[in-house]
Amino acid sequence: MTAADAFLCRPAPLVAPDLLGWRLAIGGLEARITETEAYHQVTDLACHASRGRTRRTEVLFARPGTLYVYRCYGIHWLLNLVCDQVDVPSAVLIRAVAMPGVDPRLSNGPGKVTRLLGLGQRHHGIHLSTGEVRLLPPSVPSARHRCGPRIGVDYAGAPWALKRWRWWEAGFPVVPHRG
DNA sequence: CTCTAGATCTAT
DNA sequence: TAGATCTAGAGG
């Protein structure tokens, strides 16, 4: 079991803040995670698995460390890391990353993250252990964390739309949405 | 089969 | 503030 595996074997709302500062590595690119959002179990009406176990959501029930990549608004691919335990659908959405030499405006949104790193359909369902996409511990201490409500989940209603399950690194160029 | 809404982003 | 553009999932 790698450090990343043990790290992810916890509920998403615990993993998400701890994931700040960790790095994603793929195809020679490396990016530091600066904003995350938790989607937690079937009771969370904002979580795709809340409607049950279907072909689309099957991956959310897989081993922690599995990648859940899905199409959003017909345009964007969004990357999630599956957490917790097998059969417990819990995942962290990677909302923003930082890459040296890259304009932060190109990496401060979940759709931008996948575009920047070249992630898409073909990464859906693969596991970190394949090495195709790697999750590495922080190389430097992470900045102070801030948290706030999740984005774009008003439809889930209270209390789910109100949960402060989004975390980001303070002092980092603020994302173009409320917070 | 048809319909609808959506974990977004950009330009206007 | 609208438009781009694709699917899962629900309903008939």
Side-chain angles (χ1 to χ4, degrees), chain A residues 8 10-20 22 24 26 31 33-62 64-84 88-99 102-126 128 133 135 145-169 172-179:
Chain A
L8 294 170
R10 297 174 293 148
L14 295 181
V15 174
D18 288 354
L19 212 42
L20 296 175
W22 282 63
L24 283 172
I26 172 175
I33 297 171
T34 58
E35 184 178 1
T36 58
E37 208 166 72
Y39 289 86
H40 185 51
Q41 305 192 348
V42 294
T43 50
D44 174 7
L45 296 185
C47 179
H48 289 160
S50 66
R51 304 262 174 88
R53 193 164 181 157
T54 64
R55 195 170 80 256
R56 179 203 197 184
T57 62
E58 181 61 32
V59 163
L60 287 168
F61 295 79
T66 301
L67 270 48
Y68 172 49
V69 184
Y70 77 97
R71 192 72 139 165
C72 183
Y73 296 120
I75 314 260
H76 308 286
W77 293 102
L78 270 58
L79 169 67
N80 297 254
L81 299 180
V82 174
C83 307
D84 218 312
V88 176
S90 198
V92 173
L93 170 68
I94 307 302
R95 292 195 57 90
V97 298
M99 272 183 70
V102 173
D103 186 334
R105 289 173 298 185
L106 298 178
S107 64
N108 63 345
K112 297 176 182 178
V113 169
T114 55
R115 192 179 53 185
L116 186 65
L117 298 178
L119 291 161
Q121 173 86 82
R122 72 182 191 286
H123 302 284
H124 178 63
I126 69 172
L128 291 173
V133 177
L135 179 65
H145 299 174
R146 294 288 162 75
C147 78
R150 295 179 291 182
I151 298 296
V153 297
D154 288 349
Y155 67 90
W160 309 110
L162 303 174
K163 297 280 186 188
R164 297 172 70 81
W165 279 353
R166 179 168 56 99
W167 290 267
W168 64 94
E169 288 192 339
F172 200 77
V174 176
V175 292
H177 45 61
R178 71 180 190 271

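The analysis underlying the following values was restricted to heavy atoms, covering all of them including side chains, and did not include hydrogens, waters or symmetry mates. Naming: A, B, ... by sequence-line order, numbering from 1 per chain. Since this is a predicted model, take the numbers as computed values, not measurements.
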Is the closest side-chain heavy-atom distance between A:L79 and A:L93 below 4.5 Å?
no
Quick one: which protein N/O atoms are closer than 3.5 Å to N/O atoms of nucleotides 3-5 of chain C? Pair and distance per line, please.
from	atom 1	to	atom 2	distance (Å)
C:dT5	O2	A:Y73	O	2.8

Taking the side chain as every heavy atom from C-beta outward, state whether A:E35 and A:W167 have any pair of such atoms under 4.5 Å apart.
no
Do any N or O atoms from the side chain of A:S90 and from the backbone of A:A12 form a donor-acceptor pair under 3.5 angstrom?
yes
side-chain N/O A:R115 vs B:dT10 OP1/OP2, d < 4.0 Å:
yes
Write down the distance between CG (A:L78) and C1' (C:dA8), rounded to a whole number of angstrom.
15 Å
How close do A:D44 and A:Y39 get, counting heavy atoms only, and between which atoms?
OD2-CA, 3.5 Å
Euclidean distance for C1', B:dT10 against C:dT7 (whole angstrom)
22 Å
Applying the Watson-Crick and G-U wobble criteria at under 3.5 Å, what pairs with C:dT5? Answer none if nothing qualifies.
none
Can you confirm whether more than 12 heavy atoms, excluding those of A:R51, are under 6.0 Å from its CZ atom?
no
Base, sugar-phosphate alone, or nothing: which one does A:R105 contact when heavy atoms must sit under 4.0 Å apart?
nothing
Where do N or O atoms of nucleotides 9-12 of chain C meet protein N or O atoms at under 3.5 Å, pair by pair?
from	atom 1	to	atom 2	distance (Å)
C:dG9	OP1	A:T54	OG1	2.4
C:dG9	OP2	A:T54	OG1	3.1

Hey, does the side chain of A:K112 reach the backbone of A:R105 with a donor-acceptor pair shorter than 3.5 angstrom?
yes
Say whether, by atom type as modelled, one donor and one acceptor occur between the side chain of A:T34 and the main chain of A:A96 under 3.5 angstrom.
yes
Describe, in one word, how the ring planes of A:H40 and A:W165 are oriented to each other, choosing from parallel (under 30°), tilted (30 to 60°) and perpendicular (over 60°).
perpendicular
Distance check needed: B:dG6 P versus A:L45 CG, whole Å only.
13 Å
